[in-house]
Asks: 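Just dropping this structure here.
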Amino acid sequence: MGSEKAYYITTPIYYVNSSPHIGSTLTTLAADMLARYQRMRGRKVWFLTGTDENAIKVHRAAQERGMPTQQFVDELATEFQQAWKTMHIEYDDFIRTTEPRHVRVVQEFFRRMLQNGDIYKGIYEGWYCVSDETFFAPSDVGEDRLCPNAECRRPLQWVQEEDYFFRLSAYGDRLLRYIEEHPDWLEPEFRKNEVIAFIKQGLRDQSVTRANPGWGIPVPGEPDKVIYVWFDALINYVSATGWPEDMGRYQQLWPAVHLMGKEIFVRFHATLWPAMLMSVGLPVPERIFGHGWWTIGGEKGSKSKGNLPHPVQLAKDIATWSGAEFDLAVDAERYLLIREMQFGLDSEFSEESFRKRYNSDLANDLGNLLNRTLNMVWRYAQGRVPQPLEHNAELAQLAEHIDRGIAEEVYRFRLNGVLEQIWRMVSRLNKYLDEQAPWSLYRNGEVERAQGVLYDVLEGIRLCALWLAPTMPVATARIWEQLGIGTQPVQASWQTESVWARLQPGTSVQQPQPLFPRITEEALTVTTEKETEMEGSNWITIQDFQKLEIKIAEVKWAEPVPNTSKLLKLTVDIGGEERTLVAGIAETYSPQDVIGRQIVVLTNLQPATIRGVQSQGMLLAAEVDGKAILLTPDKPVPVGSKVR
RNA sequence: GGCGGCGUAGCUCAGUCGGUCAGAGCACACGGCUCAUACCCGUGGAGUCGGCGGUUCGAGUCCGCCCGCCGCUACCA
């Protein structure tokens, strides 16, 4: 690495309690795209991702599996690395918070902040579960004061623990001033406003240590305490630079551009982290961008709900639907994940719209363009790149505009906008072919003119592939290969290659080979049938049904759950036993409406704490336009009657 | 509750300082082409720009109120 300041881009370090999902894939993919773009533009780039391994929950998850914690995190870190490799994501560094290089720096941060008075000793109070060795926020604890962990449910203790605190409260004004003076620092804009509102309401000091549960980074000089997870995790961005030992490397890298999901933008990346850096005397990050989520039915998709595909599985699906080679299906997925999302906002995930987009953009527009052009090159120019007739000023100018447009979109993190820019050229080329109709020219004996048109289109395709390389590194390499170019676009210099008429006449092109075969209805039907066979149908067996314990209950009491609009807390009798239920029926029913009524309750559902209230079962209701309509017995029945 | 945002063609959304802003893409219909992965190209529909008032010569574009939806509101990697 030279001495010039690198483009240092980061993703959050991912929590190793499960495998990569579509959310972490989105962040990492976006970072990969930006890193590849900057690299092609000739900047030194350092792309960092990694895993967060010090959380107490990780330790517990390992213990539950009867596995040494280190081995557990090793395996999950490997899983992340493999997933990224499969998705054609190429990072420069993968940091793990259990690594000594990170632990040292966290402790150094702690020491410095203790020294300058920003960390002080205080009393942390909270609900503590002895069994889980975990603190819970008051908002997570129900009135029953039982452990929110559904598998635990033991009584919690109100404990006071001597802990260290970070004087976050002292940084509000400095943060606000910095935000004001650097309008592009936090993006998107509407989230910046959330940060401002958050800071303006007043910042509170933050506890940064916990009693040592046998896992985590020890507090220097106090082995009975560990650094609390957020304080530890955020520092990875600096510890990966080699600070403070390798100041040369640090100076080339820091500050970084941070990319993350919106859930950890406001409080952590845009508030706590910059304040920590200010305290230690380091520059704050260069840019901080929080993107939206893929949603299903308006809610954040999650693996536990099983409603969003696993990224690798989605690539396999695309390959199956279309018949595309797996690596090209991966690139197609990369394209779709970026193209189908307004990067700052949430986007609704739909397989169908992914398929439509695949067909219209990749198969019909881009793929078919390459295919039809090469076909004509073989027919009308003996499979060699022909001579241009004259400089095509119009297309050359369009290329320049798009090049500039891409730079602008990249700066604003509008990654879908980058792709929209490129499609201006794809569309123009398809149209240009129709306008010029080289097949007619050839038939009329105007061979050179026909060939000139083909040159222009080939050149346009070459540029599109160059521009698309950060998004689809493998597919664009195939395109250049088919054009007879001996190098890969990802390794090309944007500056020298993003210029009209770089394509060398005379070189042999390859026989056209569809990169992105269309997804047809027939293929889809076959796939669906296959899936049905493989996964079993949607039928459940009578045994499955018998696992459900459904009873008639009587509502003894009902009251709204504070600070919610949809929730009622119900106390019900299920036949000699009282249960508390949280039900989302407040939009349809008031407490008086339901008290005394008989309802249908699923009584052996795993309890869950909702808004601080533990719900010990689920009331059954019909859903009409999103509102709940209660199910009740046709005539009064003994409370506790089984439903079957 | 407080702060912020959104509600524009069937769908997803653009609309910068108020005056060709009533738009794009997809979908649909019709037409053209035949080099191509039944592709590509062209044309079209018309939507009270959430509702009601107001400011203005003129308002999706500013102001007020109302309806609906959403985000943030501290320890959730």
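Per chain, numbering begins at 1; letters A, B, ... match sequence-line order. Model, not experiment: these values are computed from the prediction. What's counted below: heavy atoms across the whole structure, side chains too, no hydrogens, waters or symmetry copies.
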Asks: For A:Asp365, answer base if it contacts any base atom (sugar-phosphate contacts may also be present), sugar-phosphate if it contacts only those atoms, and nothing otherwise; contact means non-hydrogen atoms under 4.0 Å.
Replies: sugar-phosphate

Asks: Determine the Euclidean distance between corresponding P atoms of B:rA9 and B:rG15; express it in Å to zero decimal places.
Replies: 15 Å

Asks: Expressed as a whole number of Å, how far does the P atom of B:rG10 sit from that of B:rG45?
Replies: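 Rounded to whole Å, the distance is 14 Å.
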
Asks: Quick one, which residues of residues 192-204 of chain A touch RNA chain B with a heavy atom under 4.0 Å?
Replies: A:Glu194, A:Phe198, A:Gln201, A:Gly202, A:Leu203, A:Arg204

Asks: Going by salt bridge (Lys or Arg N to Asp or Glu O under 4.0 Å), name the residues that satisfy it together with A:Arg462, two or more places apart in sequence or in a different chain.
Replies: A:Glu459, A:Glu497

Asks: How many Å lie between CG on A:Leu366 and P on B:rC40, as a whole number?
Replies: 12 Å

Asks: On a whole-Å scale, what distance lies between the P atoms belonging to B:rU43 and B:rC11?
Replies: 24 Å

Asks: Need to verify one output field. Residue with the more 5' nearest nucleotide on RNA chain B, A:Gln342 or A:Pro517?
Replies: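 Upstream on the strand: A:Gln342.
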
Asks: Measure from CZ on A:Arg518 to C1' on B:rU37 and round the result to the nearest Å.
Replies: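 Computing the A:Arg518:CZ to B:rU37:C1' distance gives 7 Å.
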
Asks: Tell me, please, which residues at least two apart from A:Phe72 pass ring pair (Phe, Tyr, Trp, His ring centres under 6.0 Å).
Replies: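 Not a single residue meets the ring pair (Phe, Tyr, Trp, His ring centres under 6.0 Å) criterion with A:Phe72.
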
Asks: Which part of the nucleic acid does A:Leu429 contact within heavy-atom distance under 4.0 Å: base, sugar-phosphate only, or nothing?
Replies: nothing

Asks: Nearest-Å distance, CZ (A:Arg424) to P (B:rG25)?
Replies: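 A:Arg424 atom CZ is separated from B:rG25 atom P by 13 Å.
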
Asks: For A:Leu374, answer base if it contacts any base atom (sugar-phosphate contacts may also be present), sugar-phosphate if it contacts only those atoms, and nothing otherwise; contact means non-hydrogen atoms under 4.0 Å.
Replies: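 Since no nucleic acid heavy atom lies under 4.0 Å of A:Leu374, the category is nothing.
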
Asks: Using a 4.0 Å heavy-atom cut-off across all strands, classify A:Ser347 as base, sugar-phosphate, or nothing.
Replies: nothing

Asks: Suppose we screen for ring pair (Phe, Tyr, Trp, His ring centres under 6.0 Å). Which residues come up paired with A:Tyr455, at least two apart in sequence or across chains?
Replies: none

Asks: Can you name the residues that form a side-chain hydrogen bond (donor to acceptor under 3.5 Å, both in side chains) with A:Ser24, not counting sequence neighbours?
Replies: none

Asks: Select from A:Phe165 and A:Arg428 the residue whose nearest nucleotide in RNA chain B is closer to the 5' end of that strand.
Replies: A:Arg428

Asks: Are A:Arg404 and A:Glu408 ion-paired here, with the side-chain N under 4.0 Å from a carboxylate O?
Replies: no

Asks: At under 4.0 Å between heavy atoms, what does A:Pro12 touch on the DNA or RNA strands: base, sugar-phosphate, or nothing?
Replies: base

Asks: Mind calculating the distance between CG (A:Leu345) and P (B:rC13) to the nearest angstrom?
Replies: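 Going from A:Leu345 (CG) to B:rC13 (P), I get 8 Å.
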
Asks: So, using salt bridge (Lys or Arg N to Asp or Glu O under 4.0 Å) as the criterion, who are the partners of A:Glu79 when residues are at least two apart?
Replies: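 Salt bridge (Lys or Arg N to Asp or Glu O under 4.0 Å) check on A:Glu79 returns nothing, list empty.
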
Asks: What about the rings of A:Phe47 and A:Trp84, do their centers lie closer together than 6.0 Å?
Replies: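 No: the rings miss the under 6.0 Å criterion.
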
Asks: Can you tell me how far C1' of B:rG25 sits from CG of A:Asn364, to the nearest Å?
Replies: 14 Å

Asks: Would you say A:Arg357 places a side-chain N or O within less than 4.0 Å of OP1 or OP2 belonging to B:rG25?
Replies: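 No, because none of the side-chain N or O atoms of A:Arg357 sits under 4.0 Å from OP1 or OP2 of B:rG25.
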
Asks: OP1 or OP2 of B:rG71 sitting under 4.0 Å from any side-chain N/O of A:Lys262?
Replies: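 So the side-chain polar atoms of A:Lys262 never come under 4.0 Å of the phosphate oxygens OP1 or OP2 of B:rG71.
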
Asks: Using the C1' atom in both, what is the distance from B:rC69 to B:rG50, to the nearest Å?
Replies: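 One C1' to the other, the span is 11 Å.
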
Asks: Pick the P atom in B:rC3 and in B:rC57, then give their distance to the nearest Å.
Replies: 33 Å

Asks: Check the pair A:Asp163 / A:Tyr228 against side-chain hydrogen bond (donor to acceptor under 3.5 Å, both in side chains), numbers first and verdict last.
Replies: CA-CA 10 Å; A:Asp163 272 312; A:Tyr228 188 57; over 6 Å; no

Asks: Between B:rU56 and B:rC62, how far apart are the two C1' atoms, rounded to whole Å?
Replies: 10 Å

Asks: In whole angstroms, how far is the P atom of B:rC69 from the CZ atom of A:Phe190?
Replies: 20 Å

Asks: Holding to salt bridge (Lys or Arg N to Asp or Glu O under 4.0 Å), I want the full list of residues that pass it with A:Arg478, two or more places apart in sequence or in another chain.
Replies: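 Partners of A:Arg478 under the salt bridge (Lys or Arg N to Asp or Glu O under 4.0 Å) test: A:Glu325.
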
Asks: In which stems does RNA chain B show up, taking only runs of three or more Watson-Crick or G-U wobble pairs whose two distances fall under 3.5 Å?
Replies: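 Expected stems, ordered by start: B:1-7 with B:67-73, B:10-13 with B:23-26, B:28-32 with B:40-44, B:50-54 with B:62-66.
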
Asks: At under 4.0 Å between heavy atoms, which parts of nucleotides 29-36 of chain B does protein reach? Answer with one letter per nucleotide, 5' to 3': B base, S sugar-phosphate only, - none.
Replies: ---BSSBB

Asks: The criterion is salt bridge (Lys or Arg N to Asp or Glu O under 4.0 Å); which residues satisfy it with A:Glu352, sequence neighbours excluded?
Replies: A:Lys356

Asks: Is there any ring-ring contact (aromatic ring centres under 6.0 Å, His included) pair reaching into residues 426-453 of chain A, and which pairs are they, with sequence neighbours excluded?
Replies: A:Tyr380-A:Tyr442

Asks: Quick one: list whatever passes side-chain hydrogen bond (donor to acceptor under 3.5 Å, both in side chains) with A:His291, sequence neighbours left out.
Replies: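 Result, side-chain hydrogen bond (donor to acceptor under 3.5 Å, both in side chains) vs A:His291: A:Thr27.
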
Asks: Go through the steps for A:His102 and A:Thr97 under the test side-chain hydrogen bond (donor to acceptor under 3.5 Å, both in side chains), then give the verdict.
Replies: CA-CA 6 Å; A:His102 175 68; A:Thr97 56; 5.1 Å; no

Asks: Write down the distance separating the P atoms in B:rG25 and B:rA36, rounded off to the nearest Å.
Replies: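 That atom pair is separated by 27 Å.
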
Asks: B:rC72 P sits how many Å from A:Phe265 CZ, rounded?
Replies: 13 Å

Asks: As a test of reading the structure: which of B:rU37, B:rA74, B:rC75 is closest to the side chain of A:Pro514, going by heavy atoms?
Replies: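 Output: B:rU37.
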
Asks: Since syn is defined as within 90° of 0, does B:rG60 count as syn or as anti?
Replies: syn

Asks: Kindly assign one of parallel, tilted or perpendicular to the pair A:Phe231 and A:Phe110, based on the angle between their ring planes and the thresholds 30° and 60°.
Replies: perpendicular

Asks: Round to the nearest Å and state the distance from A:Lys431 atom NZ to B:rU43 atom C1'.
Replies: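 A:Lys431 atom NZ is separated from B:rU43 atom C1' by 12 Å.
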
Asks: Could you measure between the two C1' atoms, the one in B:rG68 and the one in B:rG51, and give it in whole Å?
Replies: 11 Å

